[in-house]
Novice: 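Would you mind keeping the following structure in view while I ask a few things?
Because the structure is a prediction, the values reported are computed rather than measured. Convention: sequence-line order gives letters A, B, ...; per-chain numbering from 1.
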Protein chains: 2
Amino acid sequence: MKPKTRDAVKTKQTILQNAKYLFSQKGFDATSINEIAEASHINKAMLYYYFKSKKDIYEVVVKEILSSIYKEITMSEKCCDSAVGDLRAFISIYTQFANKHPYFPALLLRELSNSGKNLSESVLAGCIQLFRLFSDILQRGEDEEAFKDVKPMVVFCMVISTVNILVVTKPLRQTAAKKADDLDTSSDISVNEISEYIFKKITLMLGVAL
Amino acid sequence: MKPKTRDAVKTKQTILQNAKYLFSQKGFDATSINEIAEASHINKAMLYYYFKSKKDIYEVVVKEILSSIYKEITMSEKCCDSAVGDLRAFISIYTQFANKHPYFPALLLRELSNSGKNLSESVLAGCIQLFRLFSDILQRGEDEEAFKDVKPMVVFCMVISTVNILVVTKPLRQTAAKKADDLDTSSDISVNEISEYIFKKITLMLGVAL
DNA sequence: TATATAATTAACCAATCGGTTAGTTAGTTA
DNA sequence: TAACTAACTAACCGATTGGTTAATTATATA
């Protein structure tokens, strides 16, 4: 099989890949179509050959990201021995994903800051799907009498937003630490430390007294 | 005193006020200078008469917001009877501020998502100032043996980001609740409920066993 | 090998961007 | 009231924006 000089699948993937990188680094508005085209070494007109509009590209990117994190979490949820175990897995996988794809937290935070103005129906559905997963774990925890006084959405926001903010502010926290050396900004905390600390604290705050 | 038809102070304030609203609603890049001028009913050239650039306007806006939240928190911190009391006051004031000025959480989240790319030195300093306030409370709590195993930055992010996200996603959570009525998105949780719940949970997770 | 079509390109579009200019008012002061 | 200046305006600037066009390749099929 000789390498084709023309490959529709590859071209489309290249566009999406560069779009994902740029959108997450600079946001929707600060990223131009020309920029995506240049980064992809693909003629700008091709972006409109494969996609309807800039917004369309953006939506596909966000959808892809959300579905991939959802897949990773559901795949790993095989232990199922307890709600606490599932919670730990959820937090761990989510934190690892956020660290592995640092574009994701930035993009999600920006998206939510717009109250979902750029957000399509299907993307909102993706967020809900993720929340449902988390909510179910907490419900099971209450059934097992491991958790009490649970407001699922608040706890969900607590976990997700804390992880996202910590990932996103890493360079900022390092800068701050250098500038004010008496300040403990947790600038070199590891991925596992973050995930384990949050897990421990969340179980503590939801835990029933012994 | 007859009303002046020309008033430099008022004009500048009008610009800043509209800029604050627009920047927080749509972000830096999506907000145009023309837009700010039109919303203010002021000739575009005036924006460059009072400010150096678009970025300059943005920085002044962010600085103003940060210093006003800092003022509100430091002013209310008079109780001082215990670290737990101060923590409660901090969370309460911050939550109230975020709700009273809902533009603030959106703007802050977006700013952090850029790793402070648009952020000036002085704005970063404002964030650090706020963190120091929070960090001191936690330190006092450890000294008083009310708190243990504290990672100040993580706890700080936990509180601030949770409040911000809850404020920012309020319309989104209401939409989601209507769409899937079996879903508990805490869509009509009150300001006080948020602040009290977070306070309770944070003290639980930092608390020493009785 | 001729043909149809999928993939790609360069050139172009009106609209808007952030920012500047030169000139005009209104209010203060001498 | 004459002069000065702070506040304001309309018109303009080159660059860039998202998006389109018609023409041109390359490749699979018949």
Novice: Is there a donor-acceptor contact under 3.5 Å linking the side chains of A:Ser92 and A:Gln96?
Specialist: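 Yes, side-chain donor-acceptor contact under 3.5 Å.
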
Novice: I need the CE-P distance between A:Met46 and D:dG19, as an integer number of Å.
Specialist: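 These atoms are roughly 17 Å apart.
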
Novice: Looking only at heavy atoms, which two atoms of B:Ala98 and B:Pro105 are closest? And how far apart?
Specialist: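 Smallest heavy-atom distance, with atoms named: CB-CG, 3.7 Å.
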
Novice: I want to check one thing: is the phosphate of D:dT20, taken as OP1 and OP2, less than 4.0 Å away from some side-chain N or O of A:Tyr49?
Specialist: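 Looking at the OP1 and OP2 atoms of D:dT20, neither is under 4.0 Å from any side-chain N or O of A:Tyr49.
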
Novice: Rounded to the nearest Å, what distance is computed from the CG atom of residue A:Asp7 to the P atom of nucleotide D:dT27?
Specialist: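 About 11 Å, once rounded to whole Å.
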
Novice: Check the angle between the aromatic planes of A:His101 and A:Phe97 and answer parallel, tilted or perpendicular using the 30° and 60° thresholds.
Specialist: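 Geometry flag for A:Phe97 against A:His101: tilted rings.
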
Novice: Which nucleotide, in any strand shown, forms a Watson-Crick or G-U wobble pair with C:dT25, with both distances under 3.5 Å?
Specialist: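 Base-paired to D:dA6.
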
Novice: Starting at the 5' end of nucleotides 16-24 of chain C, put B wherever the base has a protein heavy atom under 4.0 Å, S where only the sugar-phosphate does, and a dash everywhere else.
Specialist: -SBBBB---

Novice: Salt bridge check: are B:Asp149 and A:Lys201 linked by an N-O gap of less than 4.0 Å?
Specialist: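 Yes, B:Asp149 and A:Lys201 are salt-bridged.
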
Novice: Please confirm whether the ring centroid of B:Tyr103 lies under 6.0 Å from the ring centroid of B:Tyr21.
Specialist: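 Ring-ring flag for B:Tyr103/B:Tyr21: false, centres at least 6.0 Å apart.
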
Novice: Of all heavy-atom pairs between B:Ser190 and B:Glu193, which one has the smallest distance, and what is that distance?
Specialist: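 Closest approach of B:Ser190 to B:Glu193, heavy atoms only: N-OE1, 2.9 Å.
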
Novice: For DNA chain C, which residues of residues 11-25 of chain A approach it to below 4.0 angstrom with any heavy atom?
Specialist: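 The answer is A:Thr11.
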
Novice: Within the 4.0 Å heavy-atom criterion, would you say A:Phe51 contacts the bases, only the backbone, or no part of the nucleic acid?
Specialist: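 Counting heavy atoms under 4.0 Å across all strands, no contact is made by A:Phe51.
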
Novice: Do B:Asn164 and B:Tyr94 meet the criterion of a side-chain donor-acceptor pair at a distance under 3.5 Å?
Specialist: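 Yes.
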
Novice: Between B:Ile42 (CD1) and D:dC8 (P), how many Å, whole number?
Specialist: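 From B:Ile42 CD1 to D:dC8 P: 7 Å.
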
Novice: Send over the distance from B:His41 NE2 to D:dC8 C1', rounded to a whole Å.
Specialist: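 After rounding, the gap between these two atoms is 16 Å.
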
Novice: Among B:Leu16, B:Ile15, B:Thr14, find the one that has a side-chain contact (heavy atoms from CB on, under 4.5 Å) with B:Asn18.
Specialist: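 Filter result, single survivor: B:Thr14.
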
